[in-house]
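Numbering starts at 1 and runs along the sequence shown.
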Amino acid sequence: MPYVLHSFLLVSQFPCTLKTLPCNLKTMSSQENGSPEHPTWPEFKLPDLLSTDTVRQVHATIENEWDPLQRSACQTAAGRALWKHVIHDPLADILAGETYLKNLHEKIKKDCVNKAREISGVILAVRTLWFDSKLEAALHSFNDREAQVVLLGAGMDARPYRLSCLKEINVFEVDFPEVLQIKATLLQAAMDSTNDHQYLTMTAKSITRVAADIRSNDWLEKLQISGFVPEKNTVWVLEGILYYLSHSEATQVLEIIADKCSLTNTVLLADFMNKPSTSLSSSIFHFYSDWPDHLLPSLGFSYVKLSQIGDPDAHFGLMHDPLNLFNKLRSLPRSVYTHPDDGTPCCRLYLVEASGSPKQTIP
């Protein structure tokens with residue numbers, strides 16, 4: 001493989017105990033050497049669709065032409081596909097592609113054989129489930145009033161095809177034109193592959209794809225031209241995107257969204273890296289915030305709730321062990337950058353929900 005994205009969302013860099021693994025994992029033991037039982041991952045088989053010429057050509061283009069930010073969308077999809085025992089995303093394997101699926105599956109198998117204290121992709125699984133649950137709760141909070149959802153840096157996100165809470169919702173996907181085109185081609189291949197469309201059933205009311213670079217100054221204008229209504233209740237989803245932007249770019253995006261709080265009920269769902277986390281790949285990760293719960297109110301949000309991996313709303317049965325690193329980090333002040341026990345960086349991923357409305361004011 002010509003590159004490796006050192007994302008702590010997919011690579012096993014944080015230890016946690018295996019007893020937190022989902023209960024449907026099998027166990028096996030070696031009768032020859034008497035080694036103790038250890039968990040193994042559910043059997044994974046590549047879908048036949050991935051071997052078709054069309055899909056192979058599309059994913060060859062991704063590997064040859066996309067940059068790390070764009071390719072991260074396939075890695076996210078691979079994580080969702082391989083954690084299918086907790087995430088239902090039937091399109092994830094097609095959107096991920098064979099290379100990413102095989103690479104992550106090899107890491108997972110290695111983790112299981114080595115009795116690793118963390119299985120690769122667990123953070124991504126928790127992150128996905130957190131965004132799913134918060135998105136549903138945000139839409140419910142609008143009390144059946146008209147609403148829209150904007151997926152900024154949508155990548156290979158398949159939520160409009162898998163979340164029932166979007167059935168009355170207009171969804172806008174904003175990303176690079178080449179990403180949206182590749183995604184559309186893969187989705188069409190999935191639809192054409194079976195008579196009953198088992199892969200592709202849209203659950204959202206509508207999907208509008210907006211070709212725009214959120215690092216530029218015209219993405220909001222393009223979004224509005226495409227039918228986005230600034231006065232309509234809106235949930236903005238920025239999953240796995242902010243830390244790839246520069247500080248000025250990320251701040252500008254957040255300011256644009258915060259400005260909508262003066263027009264309508266506005267909810268932001270986003271994940272933030274702290275400063276030590278960006279050191280995992282300083283050439284790829286740029287923006288960070290150690291205190292997003294301070295940053296966002298300064299921009300105009302009246303309510304902010306921050307969670308860390310392992311918090312009651314951010315473990316989903318996968319982070320029970322009190323001695324895993326996530327819980328150890330939660331017990332340390334967020335101002336601590338290196339762990340006092342071993343001097344390792346305190347890499348944190350903050351899951352943040354923020355909101356505001358014309359009726360609310362910053363105290």
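Of the charged side-chain nitrogens involved, at least one lies within less than 4.0 Å of a carboxylate oxygen, so that Glu239 and Arg159 count as a salt-bridged pair. The pair Asp290-Lys275 fails the salt-bridge criterion, with no side-chain N (NZ, NE, NH1 or NH2) lying under 4.0 Å from an Asp/Glu carboxylate O. Remark: Asp93 does not engage Arg80 in a salt bridge, criterion side-chain N to carboxylate O under 4.0 Å. The existence of a salt bridge linking Asp311 and Arg330 is confirmed by a sub-4.0 Å separation between a basic side-chain nitrogen and an acidic carboxylate oxygen. For Arg209 and Asp175, the salt-bridge test fails: no basic side-chain N is under 4.0 Å from an acidic carboxylate O. Using a 4.0 Å cut-off between charged side-chain N and carboxylate O, Lys183 and Glu173 make a salt bridge. A salt bridge does not link Glu168 to Lys205: none of the charged side-chain nitrogens sits closer than 4.0 Å to a carboxylate oxygen.
For the pairing with Asn233, the side-chain contact (heavy atoms from CB on, under 4.5 Å) check across Leu139, Thr264, Asn143 returns one residue only, Thr264.
Every ring-ring contact (aromatic ring centres under 6.0 Å, His included) that Tyr288 has, sequence neighbours left out, goes to His247. The salt bridge (Lys or Arg N to Asp or Glu O under 4.0 Å) test applied to Lys102 returns Glu98, not counting sequence neighbours.
With 3.5 Å as the limit, one finds a donor-acceptor pair spanning the side chains of Lys305 and Ser307. In this model, a donor atom of one side chain and an acceptor atom of the other lie less than 3.5 Å apart for Ser248 and Ser246. When only modelled atom types and interatomic distance are considered, Asn274 and Ser277 share a side-chain donor-acceptor pair under 3.5 Å. No side-chain donor-acceptor contact under 3.5 Å links Thr185 and Gln188.
Rounding to the nearest 0.5 Å places CG of Leu95 at 9.0 Å from OH of Tyr161. With rounding to the nearest 0.5 Å, the separation of NE2 in His105 from CG in Leu46 is 9.0 Å. We find the CZ-CZ distance between Arg145 and Phe142 to be 7.5 Å, quoted to the nearest 0.5 Å. Note that CG of Leu101 is 5.5 Å distant from CG of Leu82, once rounded to the nearest 0.5 Å. We find the OG1-CD1 distance between Thr203 and Ile207 to be 7.5 Å, quoted to the nearest 0.5 Å. The CG atom of Leu318 lies 7.0 Å from the CG atom of Leu129; values are rounded to the nearest 0.5 Å.
In this structure, the side chain of His59 engages the main chain of Ile94 through a donor-acceptor pair within 3.5 Å. Listed for the Thr208 side chain is no donor-acceptor partner under 3.5 Å among the backbone atoms of Phe172. Panel note: side chain Ser355, backbone Thr266; no donor-acceptor pair is recorded below 3.5 Å. Using a distance-only test at 3.5 Å, with no hydrogens or angles considered, no donor-acceptor pair links the side chain of Thr338 to the main chain of Thr344. Put simply, the side chain of Ser335 never gets that close to the backbone of Pro333: no donor and acceptor are under 3.5 Å apart. The backbone N or O of Val229 lies less than 3.5 Å from a partner atom in the side chain of Gln148, making a donor-acceptor pair.
With ring centers used as reference points, Phe287 lies 6.0 Å or more from Tyr243. You'll find the ring centres of Trp236 and Phe228 inside the 6.0 Å limit.
With a 4.5 Å cut-off on side-chain heavy atoms, Pro276 and Arg348 do not count as touching. Side-chain atoms of Trp83 and Val122, non-hydrogen and from C-beta on, do get closer than 4.5 Å to each other. Taking 4.5 Å as the limit, some side-chain heavy atom of Leu295 sits within range of a side-chain heavy atom of Ser289. Counting heavy atoms from C-beta outward, Asp132 and Leu163 have side chains that approach closer than 4.5 Å. Looking at Phe176 and Leu180, their side chains never come closer than 4.5 Å, going by heavy atoms from C-beta outward. You'll find the side chain of Leu269 reaches within 4.5 Å of the side chain of Val235, heavy atoms only. Between Ser133 and Asp313 there is no side-chain heavy-atom pair separated by less than 4.5 Å. Side-chain contact check for Ile257 versus Val150: every heavy-atom pair is 4.5 Å or farther apart.
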Inset, instruction - Start with the C-alpha gap between Leu306 and Glu353, add the side-chain angles, then the distance that decides, and say whether side chain to side chain contact (heavy atoms under 4.5 Å, CB included) holds. - result: CA-CA 7 Å; Leu306 177 147; Glu353 175 187 9; over 6 Å; no

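The cationic group of Arg334 lies under 6.0 Å from the six-membered ring centre of Tyr350 and within 45° of the ring axis, placing it in a cation-pi geometry.
At most 12 heavy atoms of other shown residues, nucleotides or ligands fall within 6.0 angstrom of atom CD in Glu221. The environment of CD in Glu136 is sparse: at most 12 heavy-atom neighbours from other residues, nucleotides or ligands sit within 6.0 Å. In this structure, Glu178 places its CD atom where more than 12 heavy-atom neighbours from other residues, nucleotides or ligands lie under 6.0 Å away.
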